[in-house]
Amino acid sequence: QSLLKTFDEATANTLMNTYGHIFPSAYTDSFSPKLAVCDITHLEALSDGKPFVLHFYQDPREVSDQYHLKLFQRNTPIPLSEILPIIEYLGMQVLSERPYYLTFPSGHKVCISDFALSYREPQVSFEIDAIQERFEAAFLHIWLGEVESDKFNQLILSAGLTWRQVSILRAYAKYFKQIGLPFSQEYIETAFVRHTTIAQACVTLFETRFNPALVFNKTTRLQRVKHLTLELFRALNAVTNLDEDKIFRHYISVINATLRTNFYQRDPEGRVKPTISFKLNSREIPGLPKPYPLYEIYVYSPRLEGVHLRG
């Protein structure tokens, strides 16, 4: 009956023949028919070219501050030691993990791993619809190696940023290391996690300067950038830690010293480019070691980074 509510009769009958007796008793004891139908749609998405699918959700039978992450994996399950750091850097803690193994008549095997999660700050809860897409996209890109797994990723939930927006802050942090800013990346990450509104404002400043989807004329864009910059400096009045203040001032200065970026470019298939590059006006960057080059072009990706100098 649950399949017929989601699929037409012919498809439901086909799926019933495939999955009707394949789930172990531990699975059927734990999940409702409605959740099983949802899982079947994810199982159907698996293929040789797509051996990994995930689903971040809440079980309506449970308390509102508990979440679940289901991983559907063909053949060999992903080791738990590789999964846990990704989840924890996204701001969640794992309460339990339950694996369920399915063997199909064709002989191929699938593991469904269900992780029960809670957010790292018990007093904070999220509507699943507000964070599901961001969490799933971030997890997938991290797993594929397209995003680094680090504490910056906590901003995806705590600051409401996407994995791409977080990559802006991460790329600048990597640049700061190149120019000798005396703060570790971990310290910078912690500063932003402590001040999520400043993280949001830095991303907004960057987007206002460069996002071509924001249809401003040049004068309006410059006015908005000036206003956002002043608002950010005012927000720093609430930052009592002097080192954190220095970090945020460097972000404001370097974002405003960025002349161009490829961040919004797409490849011929419409996908974001694997590298982020900034063309920087070196003389506008405080504390840059002398002699100043005329411009710098900084390139970052999870696999490489470097600076090209122009005299």
Side-chain angles (χ1 to χ4, degrees), residues 126-127 129-138 140-142 144 146-148 152-176 192 195-236 247-286 294-302 305 307-308 310:
F126 302 96
E127 293 293 331
D129 291 342
I131 63 172
Q132 182 182 48
E133 184 177 348
R134 274 187 285 123
F135 186 96
E136 289 181 349
L140 181 60
H141 285 286
I142 295 166
L144 293 174
E146 297 168 355
V147 178
E148 292 193 52
F152 270 119
N153 292 329
Q154 289 190 15
L155 297 170
I156 291 167
L157 296 185
S158 65
L161 302 177
T162 66
W163 67 270
R164 279 285 287 170
Q165 291 172 320
V166 169
S167 293
I168 297 168
L169 302 178
R170 181 183 293 111
Y172 279 119
K174 299 287 187 179
Y175 172 69
F176 292 157
F192 275 120
H195 300 277
T196 55
T197 56
I198 292 178
Q200 294 165 338
C202 285
V203 169
T204 300
L205 177 61
F206 180 89
E207 292 178 336
T208 303
R209 282 183 57 81
F210 300 111
N211 189 347
L214 300 177
V215 186
F216 303 137
N217 60 41
K218 184 176 180 180
T219 301
T220 301
R221 191 180 292 270
L222 289 174
Q223 288 173 343
R224 295 201 177 198
V225 166
K226 182 178 179 180
H227 173 74
L228 288 168
T229 300
L230 291 173
E231 287 295 307
L232 259 169
F233 280 127
R234 289 192 188 102
L236 296 187
I247 289 168
F248 299 143
R249 289 180 187 275
H250 262 81
Y251 267 89
I252 298 167
S253 297
V254 176
I255 290 172
N256 280 322
T258 304
L259 302 175
R260 288 201 293 271
T261 179
N262 74 336
F263 184 80
Y264 295 100
Q265 294 178 0
R266 298 291 184 269
D267 68 13
E269 284 74 41
R271 297 171 301 198
V272 298
K273 292 193 171 183
T275 59
I276 298 172
S277 63
F278 306 127
K279 182 177 181 180
L280 302 156
N281 182 349
S282 305
R283 296 180 184 276
E284 297 297 321
I285 299 173
L294 182 60
Y295 301 115
E296 295 182 72
I297 298 175
Y298 175 70
V299 180
Y300 162 77
S301 83
E305 60 180 287
V307 178
H308 171 69
R310 294 181 61 185

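Computed from a predicted model, the values in this text were never measured in an experiment. Numbering starts at 1 and runs along the sequence shown.
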Quick check for you: to the nearest 0.5 Å, what is the distance between [X] atom [atom1] and [Y] atom [atom2]?
{"X": "Ile285", "Y": "His250", "atom1": "CD1", "atom2": "NE2", "value": "8.5 Å"}
{"X": "Asn153", "Y": "Ser167", "atom1": "CG", "atom2": "OG", "value": "8.0 Å"}
{"X": "Phe210", "Y": "Asn262", "atom1": "CZ", "atom2": "CG", "value": "11.0 Å"}
{"X": "Ile255", "Y": "Thr204", "atom1": "CD1", "atom2": "OG1", "value": "9.5 Å"}
{"X": "Gln200", "Y": "Leu232", "atom1": "CD", "atom2": "CG", "value": "11.0 Å"}
{"X": "Ser301", "Y": "Lys174", "atom1": "OG", "atom2": "NZ", "value": "10.0 Å"}

Phe263 and Gln165: side-chain contact (heavy atoms from CB on, under 4.5 Å), yes or no, with the steps?
CA-CA 10 Å; Phe263 184 80; Gln165 291 172 320; 5.8 Å; no
Residue pair [X] / [Y]: nearest heavy atoms and the distance that separates them:
{"X": "Pro286", "Y": "Ser253", "answer": "CD-CB, 3.6 Å"}
{"X": "Ser282", "Y": "Glu296", "answer": "OG-CG, 3.2 Å"}
{"X": "Gly270", "Y": "Arg266", "answer": "O-CD, 3.3 Å"}
{"X": "Arg249", "Y": "Leu236", "answer": "CG-CD1, 3.4 Å"}
{"X": "Tyr300", "Y": "Ala171", "answer": "CD2-CB, 3.8 Å"}
{"X": "Val299", "Y": "Ser277", "answer": "CG2-CB, 4.0 Å"}

Contact check, side chains of [X] and [Y], non-hydrogen atoms, under 4.5 Å:
{"X": "Glu146", "Y": "Arg271", "answer": "no"}
{"X": "Gln132", "Y": "Phe126", "answer": "no"}
{"X": "Leu205", "Y": "Tyr251", "answer": "no"}
{"X": "Phe135", "Y": "Ile156", "answer": "no"}
{"X": "His141", "Y": "Arg164", "answer": "no"}
{"X": "Phe278", "Y": "Val254", "answer": "no"}

[X]: side-chain contact (heavy atoms from CB on, under 4.5 Å) partners, not counting sequence neighbours:
{"X": "His195", "answer": "Ile198, Val239, Glu244, Phe248"}
{"X": "Glu127", "answer": "Ala130"}
{"X": "Glu284", "answer": "Ala257, Asn281"}

Notebook entry, point to check: Checking side-chain contact (heavy atoms from CB on, under 4.5 Å) for the pair Glu148/Val166: CA distance, chi angles, key distance, verdict?
Noted result: CA-CA 10 Å; Glu148 292 193 52; Val166 169; over 6 Å; no
* Asked: Under the side-chain hydrogen bond (donor to acceptor under 3.5 Å, both in side chains) test, which residues partner Thr258, sequence neighbours left out?
  ->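 For Thr258 the side-chain hydrogen bond (donor to acceptor under 3.5 Å, both in side chains) partners, ignoring immediate neighbours, are Tyr172.
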Can you sort out the partners of Asn211 under side-chain hydrogen bond (donor to acceptor under 3.5 Å, both in side chains), two or more places apart, ordered by chain and number?
->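 If we apply the side-chain hydrogen bond (donor to acceptor under 3.5 Å, both in side chains) test to Asn211, skipping adjacent residues, there are no hits.
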Not counting sequence neighbours, list each pair that qualifies as a side chain to side chain donor-acceptor pair (under 3.5 Å) and has a residue in residues 218-228.
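Listed by first then second residue: Asn217-Thr220.
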Aromatic Phe192 / basic Arg170 pairing, under 6.0 angstrom, 45° off normal
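Here Arg170 fails the 6.0 Å and 45° test against Phe192.
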Item to complete: For Glu133, look at atom CD and say whether over 12 heavy atoms of other residues, nucleotides or ligands are found less than 6.0 Å away.
Response: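 Atom CD in Glu133 is not packed in, count stays at 12 or less.
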Test item: side-chain donor near acceptor, Tyr298 and Glu305, under 3.5 Å
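The answer is yes; a qualifying pair exists.
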Worked check of side-chain contact (heavy atoms from CB on, under 4.5 Å) between Leu169 and Phe206: CA-CA 10 Å; Leu169 302 178; Phe206 180 89; over 6 Å; no
